[in-house]
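Working notes, beginning with the structure itself.
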2 protein chains.
Amino acid sequence: METVGRMAGVSQVTVSRALSDPSKVSPETLSRIQEAIAATGFVPNALAGALASKKSMLISALVPSITNIVYSGMLATFSAELRARGYQILLSETGFDREDEAATVEAHLSRRPDAMLLTGVHHADRTRRMLLGAGVPVVEVWDITDTPIDLCVGFSHPEAGRAMADYARARGYRRAAFITAGDERALRRGAAFAGRFAQAGGEGPVPIRGDAPASLAGGRALTAALLDEGFAASDGALIAASSDVLAQGALIELAARGLAVPGRVAVMGFGDQEMAAALSPTLTTVRVNRDALGRAAAQALLTRIGGTAPERQVIDVGFALVERQSA
Amino acid sequence: METVGRMAGVSQVTVSRALSDPSKVSPETLSRIQEAIAATGFVPNALAGALASKKSMLISALVPSITNIVYSGMLATFSAELRARGYQILLSETGFDREDEAATVEAHLSRRPDAMLLTGVHHADRTRRMLLGAGVPVVEVWDITDTPIDLCVGFSHPEAGRAMADYARARGYRRAAFITAGDERALRRGAAFAGRFAQAGGEGPVPIRGDAPASLAGGRALTAALLDEGFAASDGALIAASSDVLAQGALIELAARGLAVPGRVAVMGFGDQEMAAALSPTLTTVRVNRDALGRAAAQALLTRIGGTAPERQVIDVGFALVERQSA
DNA sequence: TTGTATGCGTTATCAA
DNA sequence: TTGATAACGCATACAA
């Protein structure tokens, strides 16, 4: 800025002003400064700016996995919303381990982000302490709780599991199994599904199987194991999955064995990915509005950064059961 | 650090040393300092550190889309590799517009990243100038060129398109169409496919259709349009797609119309996503090793940051035609 | 409308 | 092994 200023015949401060609020500088000097900037290729140092102003214009985001469409979809909307307001995104994958997450949170806090997005509501004690100590606005997404660190945007996983069970019972399925990925939210949906299904008159106990990452191959294997145990020996059986990908794996295995869906075995997914409506049979699943979630999370943080307390600390974006052919 | 130092009975500088290189501090003072850090919950300010040391430990990554598995998969490996070395990732989606990319590059440069990852090799002039001017190590991925900005890790899209055409001709398909997403690399594969297919004795000209984002619905629609035009009026027809997702859409549309694959119409995809091997029929496609690509990009940047020039500026990771049932 | 002085929290240099 | 001092490049308060 010193150099640019010299070229334009003004001081460093005036250059700073021209960049941050052009209206504070006379039109003539402004254009001289802009010429100097163009001539030198000057790019302001945001690190120094952040240090001086105590505003980093950085938002950190921690998600379990960016290759999983449910997180990357939400993240895309979240990022776009914030980028439009001049923020940039510091991203990390945390997997599903709480201690890893704590370490990542600490690394992110060293960059002094203006806000932070966390996935899920269960964190290490140390994470909570660091965040509270740092005083950064935090939004926990993809789940809800009565005791958020700060803000919270998501939906109830046990409720989603129960809704799946109620649907299955209402459609008359007598026997059910839940195939699942290993993440904690999927497991809570599974437990809620199993509990409600038996409670609502279905045969219990409902087997819950699997803890690998969600993949087609995983869905096939878990389904194959169930069938080998005689799970579909008689009609009225339903396989509920913790994700559409696992459900698609189930459909593939059932097709390979020539078992009719939903006639012999019904299938339910979770997530309503694009392929759900295109599969054959089309997949009955649970829709979560990822765009709405990402947008709500961004907006909540923005108002919080702006100083005004958001109307609600906890926003439940809900979910919707999407009835199609597979169950 | 001042405060921590007072608690431990040393100066601020010693605290800094304890953090950056513990071996430079006596064991006793080190443990006193660590106690003080634990007691205060002190988290060092990386912004100030970066400003003083001129090393931000930040790597910026620009990809067209994070919801597309081909980019997010590569990114996951790239990030993991760098995070293991203490770097953090500043991420932006740039879409497919060069001016948008230029603006994003400028915003990222203001954070003084130690290196930058760019997708593709075609950029605005301004982008190239800024990058060269800033002197940051740059790796362009997912494509190759003789004139990289700095480093380059990818494969040849025209070659991939020609390999698909050669395979199709070798299998005896006489007529072909290419359905594609709108991105520039997909279009270059399509053009190369069309050119080679005709040149190798296939019927020409080969229609190239579509420029929407890759989706199942898009694949179905493009396929439907081709079929409505009588594309599959006789045997020996093949539909090549710019991605596995589009190819899956094609398979769905063909199944819906009762057209046998590959008997009546053959289908080829691109990307070898997980579902490719699980579809029915299994999908013939082109595999690109996303992990290897992300890892090579990270390693190239790391050696470049380390000061030693990497052995090669351009790394061709190649691709492989995966022969399955659909073609 | 512009400029001067000061501080942000580190690291690097030099000295003790 | 430790400390004093000077950058790093900008924004803020205050003055002119």
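Reckoned from all heavy atoms, side chains included, excluding hydrogens, waters and symmetry mates. Lettering of chains follows the sequences in order, A, B, ..., and the numbering in each one begins at 1.
Using a 4.0 Å cut-off between a side-chain N of Lys or Arg and a carboxylate O of Asp or Glu, A/Glu184 and A/Arg188 qualify as a salt bridge. One finds a salt bridge joining B/Asp150 and B/Arg304 here, because a Lys/Arg side-chain nitrogen approaches an Asp/Glu carboxylate oxygen to under 4.0 Å.
With C/dT1, C/dC8, D/dT12 as the choices, the nucleotide that has an atom nearest any side-chain atom of A/Ser26 turns out to be C/dT1.
Counting to the nearest Å, the P atom of D/dA6 and the CG atom of B/Leu51 are 17 Å from each other. In this structure, the CE atom of A/Met1 is 11 Å from the P atom of D/dT12, given to the nearest Å. Nucleotide C/dT10 holds its C1' atom 14 Å from the NZ atom of B/Lys55, rounded to whole Å. Whole-Å rounding puts the A/Arg112 CZ to D/dC10 P distance at 21 Å. What separates CG of A/Asn45 from P of C/dC8 is a distance of 18 Å, to the nearest Å. We find that CD of A/Glu2 is positioned 11 Å from P of D/dC8, with the value rounded to whole Å. Across the protein-nucleic acid pair, B/Lys24 atom NZ and C/dT13 atom P stand 10 Å apart, rounded to whole Å.
For the pair A/Leu117/A/Val141, a side-chain contact is recorded, criterion being any heavy-atom separation below 4.5 Å from C-beta on.
Taking a 4.0 Å limit (strictly below) on heavy-atom distances, residues 10-22 of chain A reaches DNA chain D at A/Gln12, A/Val13, A/Ser16.
Nearer to the 5' terminus of DNA chain D, by closest-nucleotide assignment, is the contact made by B/Thr29 (compared with the other of B/Lys54 and B/Thr29).
Residues meeting the ring pair (Phe, Tyr, Trp, His ring centres under 6.0 Å) test with B/Phe155, sequence neighbours left out: B/Trp142, B/His157.
A donor atom on one side chain and an acceptor atom on the other are found under 3.5 Å apart for A/Thr77 and A/Asp291.
For the pairing with A/Thr14, the side-chain contact (heavy atoms from CB on, under 4.5 Å) check across A/Leu19, A/Val25, A/Leu30 returns one residue only, A/Val25.
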